[in-house]
Amino acid sequence: MIPWVQLDSARTPDGGQELRLKQRGTEFSIMLGTNELMNSRLSGSEEALARLSCERIASRKRPSILIGGLGMGFTLRAALAALDGDAAVTVAELVPAVVAWARGPMSTIFGGCLDDPRVSIREADVGQLIRAQKAAWDAILLDVDNGPEGIVYKGNDSLYDAAGLAAARAALKPGGVLAVWSQGPDGGFTRRLKQAGFAVEEINTRANGKRGARHVIWVATNRP
């Protein structure tokens, strides 16, 4: 068995916890304490997040997409594969080290997607970008923390409360899509989406195609 090697670490935005990047052969893992946040071998549900979102805006010309959370780039790569050349994709990543890991030790799994001319990387809080403009985005994809019940950074909770959902709806164009990845179901979050005025689909998916852990994706449409 090839042993895991820790390549780097970084503090969470509040300084209270430590993210660790580990490698075993060609496999990468990002850990928070004993919790594995992501693994380079398990990308199915993050890819589904992008695919489901892009399907719903496929007819739009020059779509603008905001992705919250770079991670290992699964959602970004899937979005780029599904979008035409006139799309613009902005990725907000709150931890600068994650961007550095993407350009450094994990560059092989990113496959040059950060240099795609459609892509803009912002080392910023996605919540700030959501609140910055009205009716700016055709789709907002949130793969932030572990979903509405986050464990990495308490500040992420503001994305998923009533005020955060109202801001997201205001930031979307009419008929735009807010898609949210979660480690598991959350009935309270489904209710908040509906109370915010979204038309809501709750979709179960797997971490690795038809196998692996069960995850949830909400696809919430901003009613015109």
Side-chain angles (χ1 to χ4, degrees), residues 4-24 26-33 35-43 45-47 49-50 53-54 64-83 87-133 136-137 139-147 150-159 164 168 171 179-181 183:
W4 284 103
V5 176
Q6 181 168 316
L7 302 181
D8 197 11
S9 63
R11 306 304 297 182
T12 54
D14 60 4
Q17 302 187 78
E18 183 180 66
L19 297 173
R20 293 177 288 124
L21 175 64
K22 301 173 69 176
Q23 182 177 7
R24 180 173 66 184
T26 59
E27 180 183 359
F28 291 90
S29 173
I30 295 179
M31 303 286 297
L32 179 76
N35 294 309
E36 183 175 62
L37 299 182
M38 59 198 76
N39 184 291
S40 59
R41 295 172 55 248
L42 304 173
S43 60
S45 58
E46 290 88 349
E47 291 166 353
L49 175 69
S53 304
C54 292
S64 295
I65 317 298
L66 175 61
I67 298 176
L70 176 60
M72 292 186 174
F74 303 138
T75 301
L76 172 60
R77 292 199 302 279
L80 292 174
L83 294 166
V89 182
T90 300
V91 182
E93 173 53 56
L94 192 55
V95 182
V98 173
V99 180
W101 296 343
R103 295 193 181 279
M106 291 197 296
S107 61
T108 53
I109 63 173
F110 275 81
C113 69
L114 299 187
D115 299 318
D116 189 301
R118 294 172 290 175
V119 175
S120 173
I121 303 295
R122 298 283 303 275
E123 293 183 4
D125 183 343
V126 69
Q128 293 178 351
L129 298 186
I130 288 171
R131 294 188 295 271
Q133 293 177 282
W137 308 100
I140 299 172
L141 284 58
L142 297 180
D143 183 6
V144 176
D145 213 319
N146 258 21
I151 61 173
V152 176
Y153 174 47
K154 201 65 179 172
N156 289 328
D157 291 351
S158 63
L159 294 170
V180 177
W181 181 96
Q183 187 180 37

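Side chains are part of it too, since the values below use all heavy atoms of this structure and drop only hydrogens, waters and symmetry mates. Values in this document were obtained by computation on a predicted structure and should not be read as measured data.
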Hey, what do you get for [atom1] ([X]) to [atom2] ([Y]), rounding to the nearest 0.5 Å?
X: Ile67; Y: Leu49; atom1: CD1; atom2: CG; answer: 8.0 Å
X: Leu141; Y: Ile65; atom1: CG; atom2: CD1; answer: 7.0 Å
X: Ile109; Y: Phe74; atom1: CD1; atom2: CZ; answer: 5.5 Å
X: Glu46; Y: Thr75; atom1: CD; atom2: OG1; answer: 5.5 Å
X: Leu21; Y: Met31; atom1: CG; atom2: CE; answer: 11.5 Å
X: Lys22; Y: Asp8; atom1: NZ; atom2: CG; answer: 13.5 Å

Considering all heavy atoms, the nearest [X]-[Y] contact:
X: Ala171; Y: Ile140; result: CB-CD1, 4.1 Å
X: Ala179; Y: Ser53; result: CB-OG, 3.1 Å
X: Trp181; Y: Ser45; result: NE1-OG, 2.8 Å
X: Arg77; Y: Cys113; result: CG-SG, 3.7 Å
X: Trp4; Y: Asn39; result: CH2-ND2, 4.2 Å
X: Leu70; Y: Phe110; result: CD1-CE2, 3.7 Å

Going by heavy atoms in the side chains, are [X] and [Y] under 4.5 Å from each other?
X: Val180; Y: Leu159; value: no
X: Leu114; Y: Arg103; value: yes
X: Arg11; Y: Leu19; value: no
X: Leu7; Y: Phe28; value: yes
X: Val99; Y: Ile121; value: yes
X: Leu129; Y: Thr90; value: yes
X: Val95; Y: Trp101; value: no
X: Arg122; Y: Glu93; value: no

query = Regarding Glu36 and Ser29, is there a side-chain donor-to-acceptor distance under 3.5 Å anywhere?
reply =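 Side chains of Glu36 and Ser29: pair found under 3.5 Å.
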query = Are the side chain of Ser40 and the backbone N or O of Glu27 linked by a donor-acceptor pair below 3.5 Å?
reply =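 Between the backbone of Glu27 and the side chain of Ser40 there is no qualifying donor-acceptor contact (under 3.5 Å).
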key: Main-chain N/O of Arg118 paired with Asp116 side-chain donor or acceptor, under 3.5 Å   =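 At least one qualifying donor-acceptor pair exists.
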query = Should Thr26 and Thr108 be marked as a side chain to side chain contact (heavy atoms under 4.5 Å, CB included) after you check the CA-CA gap, both sets of side-chain angles, and the distance that decides it?
reply = CA-CA 9 Å; Thr26 59; Thr108 53; over 6 Å; no
